[in-house]
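In what follows, chains are A, B, ... by sequence order, proteins preceding strands, each numbered from 1.
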Protein chains: 2
Amino acid sequence: MAVARRTSRDLRSESRLIVVRALLAAGESTRNALAEDTGLSPATVSAVVGDLLKYGIIAETGLLNGAVGRPTTGLRANPDRGRVVGVYVEDRYLEATVFDAGLGRLATVAATAAEPVADADGVIDWIAATLGTALERAQADRGDVLGVGVLLPGGMQRPVKARAGAPDAIWLHLDRLRDRLGLPVVVDNPLKAIATAELWLGAGRRSADLVTANLGVGVGAGIVQDGAVVRGATGTAGEWGHSLLAFEGRRCQCGRRGCVEAYVGIPGVQRTLAEAAPGHPLAAGPGDHAFIEALAAAADAGDPAALAALERTADYLGAALADLVAVLNPEVIALTGMTGWLRREHLLALVRRRVLEDAPGDAAAGLAVELSDRSGMDGIAAIALERFMRDIGLVTTRVLPAL
Amino acid sequence: MAVARRTSRDLRSESRLIVVRALLAAGESTRNALAEDTGLSPATVSAVVGDLLKYGIIAETGLLNGAVGRPTTGLRANPDRGRVVGVYVEDRYLEATVFDAGLGRLATVAATAAEPVADADGVIDWIAATLGTALERAQADRGDVLGVGVLLPGGMQRPVKARAGAPDAIWLHLDRLRDRLGLPVVVDNPLKAIATAELWLGAGRRSADLVTANLGVGVGAGIVQDGAVVRGATGTAGEWGHSLLAFEGRRCQCGRRGCVEAYVGIPGVQRTLAEAAPGHPLAAGPGDHAFIEALAAAADAGDPAALAALERTADYLGAALADLVAVLNPEVIALTGMTGWLRREHLLALVRRRVLEDAPGDAAAGLAVELSDRSGMDGIAAIALERFMRDIGLVTTRVLPAL
Ligand SMILES: [Zn+2]
Ligand SMILES: [Zn+2]
């Protein structure tokens, strides 16, 4: 893919996005504070704020008393501008969350199916129904919806053997989904959406070089370099879960041997437990969210095998994160996803210690490794909002992978 | 580090760089062909070509007969605009290459020292003397020198134990180097310089997402994403050689265990040979450039242990490159450095096969894995030329890590 060229119109567009991001992250701010936060000139901020007020993307909140000088007009993202909806799709699980235009969550509806839903029309009907229920629960009209963002696992985020499942049915029929919903739809991969959430609303406020490492049954990374989400040539960047921890090591669900995911993904944690304590009651059963919570609870209750499995996992995780530090040299690693077991300070300390030990030279000297609650749902809502700003001509830059 | 903001002045600057890069890569071109190559509008190309002609960075070459229409004026980078010098510094080895302003090589002088030169003044004197000899050999006056680019290994490119050596002495005393030479000096890391060379002169012509994997005693990567060299938060991105191949595997010179470099770096290749054939005559002695050439020659002569060691190394290399594909999803991997042993087609095929097998999903489907002769020396000359264009006001963007 050749390099995209910029125009001066793009610059104004970039500045608008930067101001909206700064306001969403700050909650409330002023023109002066925005200029300080963003590094844009006060004149640019004034012009951009004017544009955004005119289109109702942001709103004035009345006079604020600053530390010095006269009271100044407060600004915030305008929640009443409309609604954006985030949708997460798995084979047997669907979730729709309605956000206001300030990215506040209004309502979430989850639905499960007994059997995997694999045909495109079935999935699309299911999405339309769940979205309708979520809008009702949020007391929102369809006419208020600025856009729908759909989180679609792609690449190696899901087992190859399930490739014919619901997410793939949609990837192949995005036009039908859009026609059926009658709403603007944007689609992105969860790893990129989490990175976008962290960039807009989290660590991106203080750093332009960050990585999100998402932990769960599957494992992957979102990469932000120089303030932009790294997508790669065909949109599959971030598959850190399928990079090597151990050459010729454990078989991974992707088919490769020795992947990070086979050690740090939840089924991998269960395997670590089973290797050390074969008869352990938690070593059997599904390696899912419930397992990792039960394991953490057992460790808290003094079960030495459970604790040892978590400590070993923290060590694997630290080593695997050190690889991201070696290759990408981020300033922040935000751990997202199923991180409940890491809320024990000594386990997170083990992760950090291994990263520091293993990272080359001083690459990790200024690195923050922290837990984050931001999710792909937040990110896809941000992406849908950005898409809306593009639809109305406020934003001209950035090309999303779908729609 | 916060995101740098762009101005419309930067856009003109970016376009100038793009046109210079396109001309350096093409050798000779025309305004129309440049517009086609770069995606810039014909009007922008005309304006930018005017700027570059005025400053003598490019020159007209007379009328060219195109396939259709009237003859058009040819353009090329102007080699006579001046000279740039690249300098490579190790503890006991120094190399200076003089380039013309079209990045053609005019003369190279190499110097070795019996003892490591570790004090700053000693290194600076050595550089000044070697640079003087190189200029003489190129019949160039100091007054013609537009800039000097110094390749300084940093981060993990060199053993920690040698940290007090020549490159570090210079990193700490860049001002003294500049004062002593009395010339504009720019400094960069070899990994970033190789990536720059590939971006300007090689695969960057057809792809904005590429990786250079540099093979030698040490191993590292240069990363280009969306047309820009990835540097990371503190400039150490690309230390792929110190990411994991095998958890708790071979001890690496960096102190970590299981690094890619411990398997794919030349001493690692020697270790692979020694493990499989302990008494092999090549298994003893220094693991250096001469060793890998001797090993390749032995394999060509039918030595089964030598061939097996190279095949094993190709397999390790493919697996390690697949990690870069997983995380970064490049379109091209250019193998640079000491790649002579890979000029056997079946070994390069083994590398490619392993990359394809191990890379997640379809991430490597469109990937080219190819050998490249471009070097850090080419890259640092390009960086010095860019720096000169900035000095005279033609380029306003990009911040280099030093000077
Ligand atoms: Zn895998
Ligand atoms: Zn190492």
Between the SG atom in A:C259 and the CG atom in B:D358, the distance rounded to the nearest 0.5 Å is 8.0 Å
Ranked by heavy-atom pairs below 4.5 Å to chain B, first place among A:A326, A:S243, A:P330, A:C252 goes to A:A326
request  = Report, as yes or no, whether the 6.0 Å neighbourhood of atom CD on B:E36 holds more than 12 heavy atoms from other residues, nucleotides or ligands.
outcome  = no
Heaviest contributor of heavy-atom pairs below 4.5 Å to chain A, chosen from B:V325, B:T44, B:L328, is B:L328
Counting heavy-atom pairs under 4.5 Å with chain A, the top scorer among B:E248, B:R257, B:R205 is B:E248
Yes or no on side-chain contact (heavy atoms from CB on, under 4.5 Å) for A:D315 and B:F247, after CA distance, side-chain angles and deciding distance?
CA-CA 11 Å; A:D315 196 47; B:F247 190 79; 3.8 Å; yes
Q) Between B:R231 (side chain) and A:N329 (backbone), is there a donor-acceptor pair under 3.5 Å? A) no
Heavy atoms from other residues, nucleotides or ligands near CZ of A:R353 exceed 12 (cutoff 6.0 Å) | no
Heavy-atom nearest pair, A:R256 first then B:A322, reads NH2-CB, 3.6 Å
Of all heavy-atom pairs linking A:D323 and B:H242, the shortest is OD1-O, 4.4 Å
In this structure, CG of B:D226 is separated from CD of A:Q225 (nearest 0.5 Å) by 11.5 Å
Tightest non-hydrogen contact, residues B:L244 and A:A319, listed as CD1-CB, 4.0 Å
Do A:L324 and B:V327 come close enough that some side-chain heavy atom pair is under 4.5 Å?
-> yes
